[in-house]
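As structure tokens, the structure follows; a few thoughts come after it.
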Amino acid sequence: MINSQEIKIGTCIRMDGGIWKCIDFQHRKPGKGNTVMNTKLKNVADGRVLERTFQVGFKLDDVRVEHRPYQYLYEDATGHIFMNQETFEQIPINREQITGVDFMKEGDVVDVCTDTTDGTILSAEMPVKTTLKIMHSEPGVKGNTATNATKPATLETGVEVRVPLFVNEGETIQVDTRDGSYLGRVSE
């Protein structure tokens, strides 16, 4: 059990028959009344997000979690198959539980969060930045740079992102896995 004021980003709690992960919080003291914790919680099973307010001192059932690196191997009918970097055990993880799944390629290492009481997988997160090769992109039109002009580019994982006009097919770029935004070119 933890008190509501101990909730931080990444804290997992058991509530309403599910496990919820804190993605945002604010400690607030209104003019009248008691101090409250405004939280934004994400259900680890189905991805629903809700906002919940707790009085300070409210007891919550916390979930002990463990973060371990897992390497992505391949995809089959059971899901995406990952290998534990320490025990070499292979496990399937559903596509919905993986953050940044569209930018994941074989061999990538992700951070897998598991519940220590029963070993269930809560989530898997790609690193914030990843490098991918551009497989197809139209050439940029010379003189079309009055503003921040972008063009579509298809990456090696099959996902399409917007890149500046000067980026060409065959180059390697760095992408933000949270929103798919272009971060820069990578010199090889």
Side-chain angles (χ1 to χ4, degrees), residues 8-12 19-25 40-49 63 65-116 119-140 145 147-188:
K8 305 285 182 250
I9 293 176
T11 302
C12 292
I19 297 175
W20 299 79
K21 183 177 183 180
C22 178
I23 55 175
D24 194 20
F25 73 96
K40 191 179 283 190
L41 304 169
K42 181 178 181 179
N43 189 315
V44 297
D46 58 18
R48 288 182 298 140
V49 176
V63 177
V65 295
E66 188 174 78
H67 293 271
R68 293 198 182 267
Y70 278 72
Q71 183 179 16
Y72 173 57
L73 299 177
Y74 59 92
E75 181 179 7
D76 68 3
T78 60
H80 294 276
I81 307 300
F82 290 86
M83 178 180 66
N84 186 323
Q85 295 279 282
E86 297 153 359
T87 64
F88 305 109
E89 169 194 10
Q90 294 183 10
I91 58 165
I93 300 177
N94 292 332
R95 182 178 181 84
E96 295 79 34
Q97 292 180 296
I98 307 168
T99 305
V101 68
D102 293 333
F103 304 99
M104 191 170 58
K105 62 184 185 293
E106 290 181 10
D108 281 348
V109 176
V110 300
D111 180 47
V112 175
C113 179
T114 56
D115 183 354
T116 57
T120 52
I121 294 162
L122 304 177
S123 66
E125 292 183 8
M126 278 282 294
V128 174
K129 297 177 184 177
T130 187
T131 58
L132 296 167
K133 188 172 185 172
I134 297 177
M135 299 312 284
H136 176 73
S137 177
E138 298 296 326
T145 57
T147 60
N148 276 344
T150 59
K151 62 182 180 180
T154 305
L155 303 176
E156 62 185 292
T157 60
V159 69
E160 192 173 281
V161 296
R162 304 292 296 179
V163 297
L165 294 176
F166 58 82
V167 177
N168 298 314
E169 189 172 308
E171 291 188 277
T172 304
I173 63 169
Q174 197 169 51
V175 179
D176 188 327
T177 59
R178 296 170 295 190
D179 59 5
S181 60
Y182 166 84
L183 296 175
R185 285 193 283 193
V186 177
S187 57
E188 295 164 7

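If you're wondering where the values come from, they're calculated on a predicted model, not measured in any experiment.
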Run the salt-bridge test on Arg185 and Glu171 with the 4.0 Å N-O cut-off and return the result as yes or no. yes
Decide yes or no for [X] and [Y]: does some side-chain heavy atom of the first lie under 4.5 Å from some side-chain heavy atom of the second?
X: His67; Y: Val65; value: yes
X: Val110; Y: Met104; value: yes
X: Leu183; Y: Ile173; value: no
X: Val167; Y: Ser137; value: no
X: Phe103; Y: Lys129; value: no

Measure the spacing between [atom1] of [X] and [atom2] of [Y] and express it to the nearest 0.5 Å.
X: Leu41; Y: Ile23; atom1: CG; atom2: CD1; value: 7.5 Å
X: Tyr70; Y: Gln85; atom1: OH; atom2: CD; value: 10.0 Å
X: Gln71; Y: Met83; atom1: CD; atom2: CE; value: 4.5 Å
X: Phe25; Y: Thr11; atom1: CZ; atom2: OG1; value: 8.0 Å
X: Cys12; Y: Ile19; atom1: SG; atom2: CD1; value: 7.0 Å
X: Thr120; Y: Asp115; atom1: OG1; atom2: CG; value: 4.5 Å

Minimum-distance pair of heavy atoms, taken over all atoms of [X] and [Y]:
X: Lys133; Y: Glu156; result: N-OE2, 2.7 Å
X: Lys8; Y: Cys22; result: O-CB, 3.3 Å
X: Lys21; Y: Gly10; result: CE-CA, 4.0 Å

Should the ring pair Tyr72 and Phe82 be called parallel, tilted or perpendicular, given that the plane angle runs from 0 to 90° and is split at 30 and 60?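 Ring orientation, 0 to 90° scale: tilted.
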For residues 90-99, please give each side-chain donor-acceptor pair under 3.5 Å, one per line with the distance, not counting sequence neighbours.
unit_1, atom_1, unit_2, atom_2, d
Arg95, NH2, Asp102, OD1, 2.6
Gln97, NE2, Ile121, O, 3.0

Which one of Val186, Leu155, Thr172, Val161 satisfies the side chain to side chain contact (heavy atoms under 4.5 Å, CB included) criterion with Leu132? Leu155
Considering residues at least two apart in sequence or located in another chain, which fulfil the salt bridge (Lys or Arg N to Asp or Glu O under 4.0 Å) criterion with Glu66?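 Counting only residues at least two positions away or on another chain, Glu66 forms a salt bridge (Lys or Arg N to Asp or Glu O under 4.0 Å) with Arg68.
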Excluding sequence neighbours, so at least two apart, what forms salt bridge (Lys or Arg N to Asp or Glu O under 4.0 Å) with Lys105? Asp108
Between the main-chain N or O of Pro127 and the side-chain N or O of Thr177, is there a donor-acceptor pair closer than 3.5 Å? yes
Backbone N or O of Glu138 within a donor-acceptor pair of the Lys151 side chain at under 3.5 Å?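 Pair found, side chain donor or acceptor close to backbone of Glu138.
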